[in-house]
Amino acid sequence: MELVEETPFRFRIEPHGAMRVPGVVFASRRLLPPKDDGSLTQVANVAALPGIVRASYAMPDMHWGYGFPIGGVAATDVRAGGVVSPGGVGFDISCGVRLLAADLDRSEFGRVAEKVLDGLSRATPRGAGRGAVWQLSRDGLERLLAEGSRYAVERGWGVQRDLERCEDGGAVDDAAPGRVSARALDRGLGQVGSLGSGNHFLEVQAVDEVYDEGLAGAFGLRPGQVCVMIHCGSRGLGHQICTDHVRRMDESMADRGLSVPDRQLACAPVDSAEGRAYLGAMAAAANYARANRHVLGVAAGEVLREVTGRGLDLVYDISHNLAKIESHEVEGHRRTLCVHRKGATRALPPGHPELPPDLREAGQPVLIPGSMGTASHVLAGIAGGDAFHSTCHGAGRTQSRHQAVRTTDARRLRRELEHSGIVVRGSSARGLAEEAPTAYKDVDAVVAVAEGAGLCRRVARLVPLGVVKG
């Protein structure tokens, strides 16, 4: 496969074989995936989806995933037979990041760090099984699937401002809980307000550097400020929804005359019964994920207030695994598109009507978590942002979890993190090893490429003070 370097931050895969559009990879030479990674082949495979427009895009944190590469973006034209593919969202539907800021300086945090992390560790259920901050009945769960964080606020979790600083006002309006299987509902019960496992975390951070004082001020950030970042998604409920609908679409493709280069790209026309069923269930999972992060944020705020007397205010909450119906101009015409973002974050520009009034002039906050022990970034959407106003979502793996475990001494890693001043509360030694910083790309380099490619702009850099690992 030939990669053409169009700019230092943009590479092109010319259409060949079944590709309907080119592939576009935002990367530097240093960040391009190795040839045996398979993700560039996945970029080409996605370019064969029915109804795809412009290009099959990949972000600088790209790596191999299920069907789509993680870091993949693709839009299909709904009125021209465009399809929706669960592989373009992933199993952890609406996995995303929530950033909260405290009226507390880094200089004040050191004396209470251990106590705060002990409290956060107790208050944050994590691991692969059940355990939740908020215990719901089946009826309550169905309300949450329909109303997301709005239902949580109605029930006394958080305040109205939390919804204003959350993507989609805290809930996707076209959710269809009736499209969610009984098995998915069972898996979702008992997990509302929990991290899960893998690369999910709750991290106490400090604003280490501010690149744009005006935007940082609009977002509510200042140098030296203590923050809490939460990274998690829709838990077992979202995983089951993806599993259910991949199977149904795979079974229906032949009847609809659809073919794709990889069965993991199972899909259905957006306006078909299967497409509408998936989008409704996916939206319900997105509402679950947002409420999940919302409740965890409220619990973290209570811990901080108890220990320090200071609470937490929401900066923003945003997803990076979702398909959304959006309007974009393509070849001079306004079209209704189904935009898949898998391991990619929407980065709306200043003036966009979906932004809350107090952020409309600034553009959308974009939250980019680093790997454990490394920096995280706050970015902002810009006018003319490419890839349907999308950007990266994190550092991006360079090693599988199995490889990381084989090459990492978890006890040594813990000592190194604590020697660096990072208080660690991990649920298992294996979980720490799986998420070693050496298993990921350099997040600073990823963000520099995203900015250099014209996808976003840097606002602030945050460094970790303590981490609670899933």
Side-chain angles (χ1 to χ4, degrees), residues 86 89 91-98 100 123-126 129-196 200 230-245 276-302 312 314 316-319 321-325 354 356:
V89 172
F91 286 90
D92 195 1
I93 296 168
S94 198
C95 182
V97 184
R98 190 175 187 88
L100 305 109
T124 307
R126 56 198 191 275
R130 287 178 179 262
V133 173
W134 188 13
Q135 297 293 337
L136 284 169
S137 66
R138 179 64 69 96
D139 288 345
L141 177 61
E142 292 184 1
R143 281 281 308 274
L144 183 139
L145 295 181
E147 302 171 36
S149 295
R150 298 171 193 169
Y151 179 61
V153 171
E154 178 187 316
R155 301 293 295 181
W157 295 89
V159 296
Q160 179 64 30
R161 184 186 174 279
D162 294 338
L163 304 180
E164 296 164 2
R165 283 295 185 100
C166 181
E167 188 180 19
D168 301 314
V172 181
D173 289 329
D174 53 357
R179 301 294 191 178
V180 177
S181 68
R183 172 63 178 147
L185 290 172
D186 287 342
R187 294 184 67 179
L189 273 173
Q191 292 187 334
V192 180
S194 62
L195 280 184
H200 296 159
I230 300 169
H231 175 215
C232 64
S234 51
R235 299 296 322 272
L237 178 135
H239 193 286
Q240 189 64 46
I241 286 171
C242 182
T243 300
D244 292 341
H245 289 269
R276 289 191 296 271
Y278 170 71
L279 287 171
M282 180 207 71
N287 289 343
Y288 183 101
R290 288 164 198 202
N292 187 29
R293 290 192 294 272
H294 178 101
V295 171
L296 284 172
V298 172
E302 290 174 353
L312 292 169
L314 183 60
Y316 207 68
D317 183 293
I318 193 167
S319 301
N321 283 355
L322 212 60
K324 294 184 74 71
I325 305 302
E354 291 188 36

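- Considering only residues two or more places apart in sequence or on other chains, Tyr278 meets the ring-ring contact (aromatic ring centres under 6.0 Å, His included) condition with His245.
- Here OH of Tyr316 is found 11.5 Å from CD of Glu164. Values are rounded to the nearest 0.5 Å.
- With values rounded to the nearest 0.5 angstrom, Asp317 atom CG is found 8.5 Å from Ile230 atom CD1.
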*Under the side-chain contact (heavy atoms from CB on, under 4.5 Å) criterion, do Cys232 and Leu296 qualify, and how do the steps go?*
CA-CA 10 Å; Cys232 64; Leu296 284 172; 3.7 Å; yes
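- For the atom pair CD (Gln240) and CZ (Arg235), the distance works out to 13.5 Å, reported to the nearest 0.5 Å.
- Between Leu145 atom CG and Ser234 atom OG the span is 10.5 Å, to the nearest 0.5 Å.
- Side chains of Asn321 and Ser94: a donor-acceptor N/O pair is absent below 3.5 angstrom, by distance only.
- In this structure, Lys324 NZ and Ser319 OG are separated by 7.5 Å, a value rounded to the nearest 0.5 Å.
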*CA sep, side-chain torsions, deciding dist, call: Ile325, Leu279, side-chain contact (heavy atoms from CB on, under 4.5 Å)*: CA-CA 10 Å; Ile325 305 302; Leu279 287 171; 4.3 Å; yes
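- Two residues are said to be in side-chain contact when any heavy atoms from C-beta on lie closer than 4.5 Å; Arg138 and Asp186 meet this criterion.
- Taking 4.5 Å as the limit, some side-chain heavy atom of Leu314 sits within range of a side-chain heavy atom of Arg161.
- Counting only residues at least two apart or in different chains, ring-ring contact (aromatic ring centres under 6.0 Å, His included) contacts with residues 138-181 comprise Trp134-Tyr151, Trp134-Trp157.
- One side chain, His294 or Arg98, offers a donor N or O that lies under 3.5 Å from an acceptor on the other.
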